[in-house]
Amino acid sequence: MASTSDTPIQNRLVSVCEKLQIPNNTMQITLVRLDQLRNEPDVNGDRLDNTAAAALALSAREDGLPVRDEDIAGAWAGAMDAPDADISISGQQLEAVSDYFDIEEVPPHPNSLVQRFGEAVDMPDELITVAHRLLQDAFALDPTVVSGGPAPAATAGGVLSLAALVNGLDDTYEQRTLGSVTGTSEVTVRNRCQDLSDLLDDRLENDRYRVVPAAQAPDQPGSDADGANESAGSTAATASSDDGPAADGAGDEAAASTDAVLETVQSVYPEELPTTANVAETHDTTESAAEDALAALADEGALERKRAGSVDVWMPAGGDEAGTELTADAVETEIDALVEELSIDSSTRLLARGMVSDAVDDADVADAAELAATMVVAAVRMSGGDIDVGAVGNHRDFEPRAIAQWLDTLDEAVDADIPRREPGDVVEDVVAELELSEAVLAESHRSIDQFDGDSGEFTAAELGAGAVLFAATTNQTQVDIDQLAAAAGAETNYVTSAMHAIVVSLCLSLVQGDIDYEDCAWTTQLLESELSPTLGDSETGRAIAIAKAYTAGREDRSVDEQTLDVLRGD
């Protein structure tokens with residue numbers, strides 16, 4: 001069959017996404033999935049456009065985008081050159097494409113979720129219609145806000161909650177109840193409701209969102225503080241200290257009842273990881289006060305405090321940990337934190353989160369922060385951007401090489417094409433940034449080509465920077481090693497080790513006859529002792545000493561491996 005990554009298919013996908021305002025992350029995930037179809041022998045090559053349109057519809061549903069299947073089909077047909085092109089997306093076709101991508105079941109359309117959940121809490125049809133309007137209008141304003149939710153069910157709960165809030169019916173249709181019917185949580189529904197409210201802002205005063213007289217509804221969604229707090233569920237009634245409810249601006253003195261806090265943790269876990277921040281938000285208090293209550297419960301043995309990336313999470317004591325689900329939540333929590341700190345867009349965030357489940361299923365995750373940082377780097381690169389690995393690592397307490405090593409693991413664990421930097425790319429970047437000579441550039445590339453050591457021992461940044469350091473040394477060019485390492489996005493000590501490994505490899509390849517003497521411009525520096533026999537560790541010194549002895553008149557006679565073992569003291 002023809003490759004599904006052919007340019008016409010890609011062009012049509014891009015055209016349809018632009019026309020229907022489908023975010024870039026949804027498009028990228030669809031491209032990755034279509035690329036998988038090249039390995040499916042039973043895919044009909046003559047109907048690739050139908051398959052691609054169905055794949056886009058699936059991705060849009062997974063991201064909670066209220067785009068109709070027929071609109072995708074129509075836009076796809078319009079993007080084709082053939083005037084009689086007929087594209088259709090049927091339920092049977094969606095099921096077949098889901099099977100190709102190992103999706104357990106066809107995701108329900110976001111509009112269907114809104115309808116189902118609204119009926120489950122006995123909302124009147126008029127109010128459900130308002131929720132549909134809110135979702136569609138939010139999508140029209142900023143599709144990435146809609147796709148950036150944790151799940152389509154959460155977004156559906158959020159628009160239903162917002163519809164109730166706008167109409168002053170938030171006491172009747174509480175967020176806790178909506179969290180239950182959507183299979184998420186009260187906190188999740190509240191967060192999505194707030195996201196959508198912030199996006200729509202003063203548009204929410206429009207009468208198109210009203211099903212009751214305006215006089216009976218709050219002036220602004222959320223302006224009725226008491227009603228908003230009551231709608232947060234039964235825990236809000238006890239979200240106060242013994243002296244009364246916490247007032248705004250009360251600072252660290254604002255406290256939360258430990259009983260109420262415990263109930264909150266128990267209600268959201270394991271669907272969500274209860275963090276200090278979302279407990280504080282639930283109880284309208286400061287994070288400091290929430291942490292005091294949570295820590296007190298942990299001291300009593302009612303809760304367990306665990307680290308999820310860069311934040312603390314609190315779980316009911318004695319509860320079974322959710323295994324990979326807990327790890328996935330921890331990684332996703334850390335992704336959210338990093339994306340905010342690095343000012344990365346929500347579509348890239350969603351793309352990063354989309355790779356988490358596969359990674360934690362197939363790889364041993366010891367540090368959620370490391371994996372999360374790697375997911376962010378991978379997502380940025382998959383979206384066509386670039387990002388400084390060193391800068392990402394600096395936001396957390398681990399070395400940049402951890403990200404590079406995790407990228408290797410992701411290549412195997414995640415079915416996605418993650419752009420990677422090769423050592424040669426690093427050489428080009430470093431030489432350009434440090435304004436080094438063409439001679440250093442050429443020797444750097446040559447040393448990488450001739451390197452016969454264990455390339456897996458070093459990251460691309462370390463090996464590329466080590467090659468530049470070696471080339472600069474043999475060309476008698478002064479460089480600041482710390483500056484060189486920073487330009488490569490690597491740690492100085494690993495760059496030095498990589499340079500030593502290159503020296504050893506080149507020296508031994510020379511004396512064994514694997515490299516011609518005439519091809520080694522650096523031998524002159526060896527003879528003149530520019531590369532000291534004491535450079536690096538004892539192995540590096542011995543390798544240089546052997547090469548110096550060899551170049552002193554024995555260039556035409558190679559040394560066998562057994563002799564080398566003796567000379568090296570092996």
Side-chain angles (χ1 to χ4, degrees), residues 64 66 108-142 145-146 148-237 239 264 267-268 271-272 278 281-284:
H109 193 279
N111 289 337
S112 299
L113 289 175
V114 172
Q115 190 72 32
R116 182 200 308 169
F117 297 146
E119 292 173 351
V121 296
D122 296 325
M123 271 192 180
D125 290 340
E126 297 83 0
L127 196 57
I128 295 176
T129 298
V130 169
H132 283 300
R133 290 172 182 167
L134 290 166
L135 178 58
Q136 201 65 48
D137 291 354
F139 173 74
L141 277 174
D142 190 346
V145 172
V146 177
T155 301
V159 293
L160 289 165
S161 176
L162 185 56
L165 184 59
V166 167
N167 287 279
L169 300 173
D170 43 308
D171 286 340
T172 304
Y173 305 103
E174 296 182 340
Q175 291 171 335
R176 182 174 186 180
T177 303
L178 288 168
S180 177
V181 300
T182 58
T184 57
S185 73
E186 175 186 350
V187 174
T188 299
V189 169
R190 181 183 303 112
N191 290 341
R192 288 308 283 156
C193 178
Q194 187 62 55
D195 290 342
L196 296 166
S197 177
D198 291 343
L199 174 63
L200 294 166
D201 199 20
D202 55 6
R203 293 176 178 84
L204 293 172
E205 297 182 39
N206 196 297
D207 286 342
R208 80 188 240 98
Y209 303 132
R210 306 283 178 170
V211 296
V212 296
Q216 297 179 21
D219 294 336
Q220 293 284 348
S223 65
D224 183 354
D226 294 335
N229 286 340
E230 290 173 14
S231 72
S234 62
T235 58
T264 296
S267 68
V268 302
E271 285 77 14
E272 282 191 18
N278 59 34
E281 183 179 356
T282 297
H283 295 281
D284 194 23

When every non-hydrogen atom of Pro110 is compared with those of Gly64, the smallest separation belongs to CG-C, 3.4 Å
Scanning both residues in full, the closest heavy-atom pair of Leu113 with Pro152 reads CD1-CB, 3.7 Å
dist Leu160:CG -> Glu119:CD (nearest 0.5 Å) comes out at 10.5 Å
So OG of Ser161 and CG of Asn191: to nearest 0.5 Å the spacing works out to 11.0 Å
Heavy atoms of Asn206 and Arg208 approach each other most closely as OD1-N, 2.9 Å
query = Under 3.5 Å, is there a donor-acceptor pair between the side chain of Asn167 and the main chain of Leu169?
reply = no
Heavy-atom closest pair (Tyr209 atom, Arg203 atom, distance to 0.1 Å) is CE1-O, 3.2 Å
Side-chain (Arg192) to main-chain (Val146) donor-acceptor, under 3.5 angstrom: yes
**Message:** Check whether Arg210 reaches the backbone of Val166 with its side chain - one donor and one acceptor, N or O, closer than 3.5 Å.
**Reply:** yes
Please answer whether the main-chain N or O of Cys193 pairs with a side-chain N or O of Ser197 as donor and acceptor at a distance below 3.5 Å. no
To the nearest 0.5 Å, atom CG of Asp142 lies from atom CG of Asp195 at 11.0 Å
Shortest non-hydrogen pair, Pro124 vs Tyr173, comes out as CD-OH, 3.2 Å
Is it the case that the side chains of Asn111 and Gln115 hold a donor-acceptor pair, with the cut-off being a distance below 3.5 Å and no angle test? no
Rounded to the nearest 0.5 Å, the CG atom of Asp170 sits from the CG atom of Leu178 at a distance of 10.5 Å
Exactly one candidate in Leu135, Thr155, Asp137, Val114 meets side-chain contact (heavy atoms from CB on, under 4.5 Å) with Pro66; the answer is Leu135
In this structure, CG of Leu134 is separated from CG of Leu199 (nearest 0.5 Å) by 10.5 Å
One should read off an interatomic distance between Leu196 CG and Asp201 CG, to the nearest 0.5 angstrom, of 12.5 Å
